[in-house]
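Accompanying notes for the structure given below.
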Amino acid sequence: MTATDELTSDPESGKDTKSTAEPAGTTEDPAGAAEPGADPGHSPAESPMRSRSVRALVGVLVLLLIATTSLAAVLGWQWKDSRDVDRAATAALTAAQQYAVALTSIDAKRMDADFATLADGATGKFKDMYTRSAEQLKHLLAEAQSVSSGRVVASSVQSASRDRVVVLLFVDAQITNTTTPEPRLDRNRIIMTMDRVGDRWLAGEVELV
């Protein structure tokens with residue numbers, strides 16, 4: 001009889017029966033039982049692969065974010081530049097219209113004021129030329145007792161940047177003088193280049209075409 005065999009008495013039969021006790025610690029462990037905390041759906045080799053995939057996805061998202069931000073910045077700059085050019089064109093066109101009226105509206109009786117207005121609205125080459133010829137022009141206009149009144153019939157912007165705008169103007173000028181007492185209508189086509197000087201738009205070039 002081994003240490004694990006035990007004699008027990010059966011009260012009914014009066015005979016001894018032998019029972020066998022299972023040794024402690026010999027409980028069978030089911031085959032393939034998973035370790036605590038293990039993910040039954042994934043093998044340990046899959047974790048590094050998943051980490052690399054996540055890092056790659058994050059990298060792509062970062063690149064997309066950078067590209068989107070850069071594109072938005074470029075589009076924003078282009079929109080601002082376009083808006084600035086549009087504003088410049090509008091302001092320069094208005095200034096050119098006003099200067100064309102002043103240029104074709106001269107009264108011999110108030111020449112000094114008219115010429116001062118023209119000089120104030122000019123810049124660059126045109127101002128230099130106008131300043132040199134102003135005294136001679138005054139003398140001729142005074143002799144002829146010339147009076148002219150101009151108006152802009154039509155105008156348009158030919159080209160524009162933030163600091164320079166070229167304008168085409170159609171200007172009618174009604175003129176009287178000692179040789180033509182009856183009003184005469186002159187139709188002028190003028191190309192005027194307007195330059196930004198500080199916060200003003202001034203005529204830098206004036207050409208009759």
Side-chain angles (χ1 to χ4, degrees), residues 70-209:
S70 300
L71 179 61
V74 170
L75 292 177
W77 181 85
Q78 290 178 341
W79 176 79
K80 182 181 183 304
D81 184 65
S82 176
R83 185 182 62 175
D84 289 345
V85 171
D86 288 343
R87 288 178 175 176
T90 300
L93 178 62
T94 299
Q97 292 168 340
Q98 294 171 349
Y99 195 77
V101 171
L103 193 63
T104 54
S105 300
I106 302 291
D107 190 334
K109 295 179 181 179
R110 49 179 174 82
M111 279 190 299
D112 289 340
D114 290 342
F115 274 68
T117 298
L118 293 175
D120 182 60
T123 189
K125 295 178 181 179
F126 180 67
K127 186 168 186 175
D128 293 341
M129 181 202 71
Y130 183 78
T131 301
R132 288 195 302 268
S133 59
E135 292 305 318
Q136 184 179 358
L137 287 172
K138 284 181 182 180
H139 179 71
L140 293 174
L141 292 171
E143 279 190 346
Q145 290 298 297
S146 182
V147 176
S148 65
S149 177
R151 70 184 184 93
V152 176
V153 178
S155 61
S156 64
V157 173
Q158 300 299 291
S159 64
S161 67
R162 284 191 280 188
D163 297 315
R164 172 165 286 195
V165 178
V166 178
V167 180
L168 173 64
L169 305 111
F170 294 88
V171 184
D172 285 353
Q174 185 172 281
I175 302 171
T176 58
N177 51 44
T178 54
T179 58
T180 56
E182 292 298 321
R184 183 186 82 245
L185 185 65
D186 278 1
R187 298 187 183 278
N188 303 287
R189 187 181 181 191
I190 302 172
I191 293 179
M192 194 176 297
T193 301
M194 305 298 291
D195 294 322
R196 187 199 293 270
V197 179
D199 60 351
R200 300 179 66 199
W201 286 95
L202 305 177
E205 296 179 28
V206 177
E207 180 184 0
L208 289 172
V209 293

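Keep in mind that this is a model prediction, so the values were computed, not measured.
Closest approach of Ser146 and Ile175 over heavy atoms only: OG-CG2, 4.2 Å. Nearest heavy-atom pair, Val101 versus Ser105, reported as atom, atom and distance to 0.1 Å: O-OG, 2.7 Å. Considering every non-hydrogen atom in both Ala100 and Val152, the closest pair reads CB-CG2, 4.1 Å. Heavy atoms only, all atoms of each residue included: Gln158 and Ser156 are closest at NE2-OG, 2.9 Å. Summarising the geometry of Ala142 relative to Ala108, their closest heavy-atom pair is CA-CB, 4.4 Å, with the distance given to 0.1 Å. When all heavy atoms are compared, the tightest approach of Asp114 to Asp107 is OD2-N, 3.0 Å.
The stretch residues 169-178 participates, sequence neighbours left out, in these side chain to side chain donor-acceptor pair (under 3.5 Å) pairs: Asp172-Arg187, Asn177-Thr179, Asn177-Thr180. Here side chain to side chain donor-acceptor pair (under 3.5 Å) pairs that include residues 117-132, with residues two or more places apart or in two chains, are Asp120-Arg200.
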message: Checking Asp195 against Leu202 for the side chain to side chain contact (heavy atoms under 4.5 Å, CB included) test, could you report, in this order, the C-alpha distance in whole Å, the side-chain angles of both residues, the deciding distance, and whether it holds?
response: CA-CA 5 Å; Asp195 294 322; Leu202 305 177; 5.7 Å; no
Asp186/Thr104 under side chain to side chain contact (heavy atoms under 4.5 Å, CB included): CA gap, chis, key distance, verdict: CA-CA 10 Å; Asp186 278 1; Thr104 54; over 6 Å; no
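One distance of note links CD1 of Ile190 with OH of Tyr99; it measures 10.5 Å at 0.5 Å rounding. The line from CZ of Arg162 to CZ of Arg87 is 12.0 Å long, rounded to the nearest 0.5 Å. Between the CG atom in Leu140 and the CE atom in Met111 there is a gap of 9.5 Å [rounded to 0.5 Å].
The side-chain contact (heavy atoms from CB on, under 4.5 Å) test applied to Ala92 returns Val165, Met194, Trp201, not counting sequence neighbours. Under the rule for a salt bridge (charged side-chain N to carboxylate O under 4.0 Å, His left out), the partners of Lys138 that lie at least two apart in sequence or sit in another chain are Asp112, Glu135. Shown here are the side-chain contact (heavy atoms from CB on, under 4.5 Å) partners of Ser149, two or more places apart in sequence or in another chain: there are none. Residues forming a side-chain contact (heavy atoms from CB on, under 4.5 Å) with Gln98 (at least two apart in sequence, or on another chain): Thr94.
A heavy-atom distance below 4.5 Å is found between the side chains of Leu118 and Ile106.
Not one N or O on the side chain of Thr193 forms a donor-acceptor pair closer than 3.5 Å with the backbone of Gly204.
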